[in-house]
There are 2 protein chains.
Amino acid sequence: MRSDCPLNYGLEIFGDKWTLLIIRDLMFFGKRYYNEFLASDEGISTTVLADRLSLLERQKIIRKRKDKEHKQRIVYSLTEKGIDLLPVLINIGLWSDKYASRLNPHRDIIIGAAKKDYMSGIEEMKRRLYDIHLQ
Amino acid sequence: MRSDCPLNYGLEIFGDKWTLLIIRDLMFFGKRYYNEFLASDEGISTTVLADRLSLLERQKIIRKRKDKEHKQRIVYSLTEKGIDLLPVLINIGLWSDKYASRLNPHRDIIIGAAKKDYMSGIEEMKRRLYDIHLQ
DNA sequence: CCGCATCCCTATAGATACTG
DNA sequence: CAGTATCTATAGGGATGCGG
């Protein structure tokens with residue numbers, strides 16, 4: 001499966017049904033805790049979640065830390081490498097929005113800004129993610 | 001796994017390691033025949049290839065026809081729905097190009113135009129794909 | 001030969017139950 | 001709460017068959 005194609009590099013990391021959904025949860029839905037990811041609509045199982053979180057951390061796409069206030073909780077957040085996946089997620093969202101028959105509730109959260117003005121929408125969202133995840 | 005999230009719609013279709021590689025071959029490398037896809041660097045197996053081609057056809061992302069000249073050969077091409085995946089592929093490529101340590105030979109073919117000027121690069125490539133695939 | 005479909009077998013992904 | 005252990009289902013590789 002290894003190859004030097006630039007597309008393949010990305011697909012080796014997030015080319016499965018679950019990885020990008022975790023990133024989506026961090027990126028658009030403000031989730032930060034293990035049990036919040038577990039509670040996603042798609043019903044990710046705990047083995048898959050643990051596996052993908054550790055993969056994403058090894059790839060330096062997310063970062064894990066202890067919660068400052070509740071020392072026993074673990075907080076997940078995006079790195080810059082993770083935030084840079086924003087245009088990928090946005091464009092999957094734009095494509096799905098164009099071709100999915102069924103409307104859906106999270107549409108505006110994910111592609112609202114980018115649909116008005118792609119470039120400035122992306123920039124605005126990116127700034128917000130920097131504030132939240134890179135403090 | 002079903003949910004109404006717009007990201008999930010796309011991931012249900014191409015959220016695996018192989019589907020987008022076939023689209024890449026159609027989109028950037030000018031491949032059109034079954035045996036050309038089989039010969040990809042990543043070594044897709046014939047069972048997986050047949051499965052994904054039929055999936056992509058059912059999803060109306062690709063179209064299959066008889067070759068005009070060699071009647072016994074089958075030609076695959078992208079539909080408009082398939083061509084609209086261009087920004088997704090491009091952005092995976094841009095991200096990989098930023099973070100993959102290993103350089104690779106197909107870099108320019110995939111992200112060259114989009115890196116100079118994203119919007120006009122995409123438009124230019126899209127026009128070329130329309131010419132080739134939608135005749 | 002070309003484009004698959006089928007069969008078999010193995011590797012891996014994923015669901016459930018359980019634990020520090 | 002944040003995972004592991006265990007078990008099972010499924011995906012995928014390779015060989016082969018088969019119609020056009």
Side-chain angles (χ1 to χ4, degrees), chain A residues 1-3 8 10-26 29-59 61-78, chain B residues 1-3 5 8 11-26 29-59 61-78:
Chain A
M1 180 66 187
R2 296 261 122 237
S3 86
N8 195 51
L11 292 177
E12 286 280 332
I13 297 173
F14 52 75
D16 75 288
K17 301 208 189 282
W18 294 113
T19 309
L20 285 183
L21 290 177
I22 295 171
I23 296 171
R24 170 203 65 180
D25 285 349
L26 279 159
F29 301 157
K31 298 188 182 178
R32 335 203 53 189
Y33 302 112
Y34 193 90
N35 60 327
E36 289 181 311
F37 301 120
L38 258 191
S40 71
D41 283 351
E42 292 85 10
I44 191 169
S45 74
T46 178
T47 32
V48 176
L49 177 58
D51 178 75
R52 299 303 136 84
L53 286 173
S54 93
L55 168 82
L56 287 170
E57 201 199 359
R58 282 200 307 282
Q59 293 291 341
I61 288 170
I62 65 173
R63 182 185 299 127
K64 62 188 283 192
R65 286 184 244 177
K66 312 267 179 193
D67 195 310
K68 302 253 159 142
E69 287 133 32
H70 315 270
K71 282 278 186 185
Q72 67 275 37
R73 290 200 101 183
I74 289 171
V75 195
Y76 294 93
S77 57
L78 292 164
Chain B
M1 182 65 187
R2 297 259 123 239
S3 86
C5 174
N8 196 51
L11 293 177
E12 286 280 331
I13 297 173
F14 53 75
D16 76 286
K17 299 205 191 283
W18 295 112
T19 310
L20 285 183
L21 289 177
I22 295 172
I23 298 171
R24 170 203 65 180
D25 285 349
L26 279 159
F29 301 156
K31 298 189 183 178
R32 334 204 54 186
Y33 302 113
Y34 193 89
N35 59 326
E36 289 181 312
F37 300 119
L38 258 192
S40 71
D41 282 351
E42 292 83 10
I44 192 168
S45 74
T46 179
T47 33
V48 174
L49 178 58
D51 178 75
R52 297 305 136 82
L53 285 172
S54 93
L55 168 82
L56 287 170
E57 199 199 1
R58 283 200 307 282
Q59 293 290 340
I61 289 170
I62 65 173
R63 182 187 299 126
K64 61 189 282 193
R65 286 183 245 178
K66 312 265 179 197
D67 195 308
K68 303 254 158 141
E69 288 132 31
H70 316 270
K71 281 278 189 186
Q72 65 274 35
R73 291 202 99 183
I74 289 171
V75 194
Y76 294 94
S77 57
L78 292 164

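- Every residue two or more places apart in sequence or in another chain that forms a side-chain contact (heavy atoms from CB on, under 4.5 Å) with B:S54 is listed here: B:R58.
- Not a single side chain to side chain donor-acceptor pair (under 3.5 Å) links B:S40 to another residue, sequence neighbours left out.
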Could you list all N or O pairs between the protein and nucleotides 13-15 of chain C that sit under 3.5 Å apart?
| from | atom 1 | to | atom 2 | distance (Å) |
| --- | --- | --- | --- | --- |
| C:dG14 | OP1 | A:W18 | NE1 | 3.2 |
| C:dG14 | OP2 | A:R52 | NH1 | 3.4 |
| C:dG14 | OP2 | A:R52 | NH2 | 2.8 |
| C:dA15 | OP2 | A:S45 | OG | 2.9 |
| C:dA15 | N7 | A:T47 | OG1 | 2.8 |

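- Under the side chain to side chain donor-acceptor pair (under 3.5 Å) criterion, B:R32 pairs with no residue at all, not counting sequence neighbours.
- For the segment residues 61-68 of chain A, no residue has any heavy atom less than 4.0 angstrom from an atom of DNA chain C.
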- Task: With side chain to side chain contact (heavy atoms under 4.5 Å, CB included) as the test, would you mind laying out the steps for A:L78 and A:R63 before giving the verdict?
- Result: CA-CA 6 Å; A:L78 292 164; A:R63 182 185 299 127; over 6 Å; no
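- B:I13 has its side chain within reach of B:I61: a pair of non-hydrogen atoms, C-beta onward, lies under 4.5 Å apart.
- The side-chain heavy atoms of B:R24 and B:E42, taken from C-beta on, include a pair separated by under 4.5 Å.
- Taking atom CD of B:E57 as the reference point, atom P of C:dG3 lies 14 Å away to the nearest angstrom.
- With sequence neighbours left out, B:D67 forms a side chain to side chain donor-acceptor pair (under 3.5 Å) with B:Y33.
- In this structure, the NE2 atom of B:H70 is 12 Å from the P atom of C:dG3, given to the nearest Å.
- With sequence neighbours left out, A:T46 forms a side-chain contact (heavy atoms from CB on, under 4.5 Å) with A:Y34, A:L38.
- Partners of A:D25 by side chain to side chain donor-acceptor pair (under 3.5 Å), not counting sequence neighbours: none found.
- To the nearest angstrom, P of C:dG3 lies 9 Å from CG of B:L38.
- For DNA chain D, the span of nucleotides reached by chain A at under 4.0 Å from its heavy atoms goes, 5' to 3', from D:dA2 to D:dA5.
- For B:K64, the side-chain contact (heavy atoms from CB on, under 4.5 Å) partners are B:E57, B:I74, B:Y76, not counting sequence neighbours.
- In this structure, the OH atom of B:Y33 is 15 Å from the C1' atom of C:dC1, given to the nearest Å.
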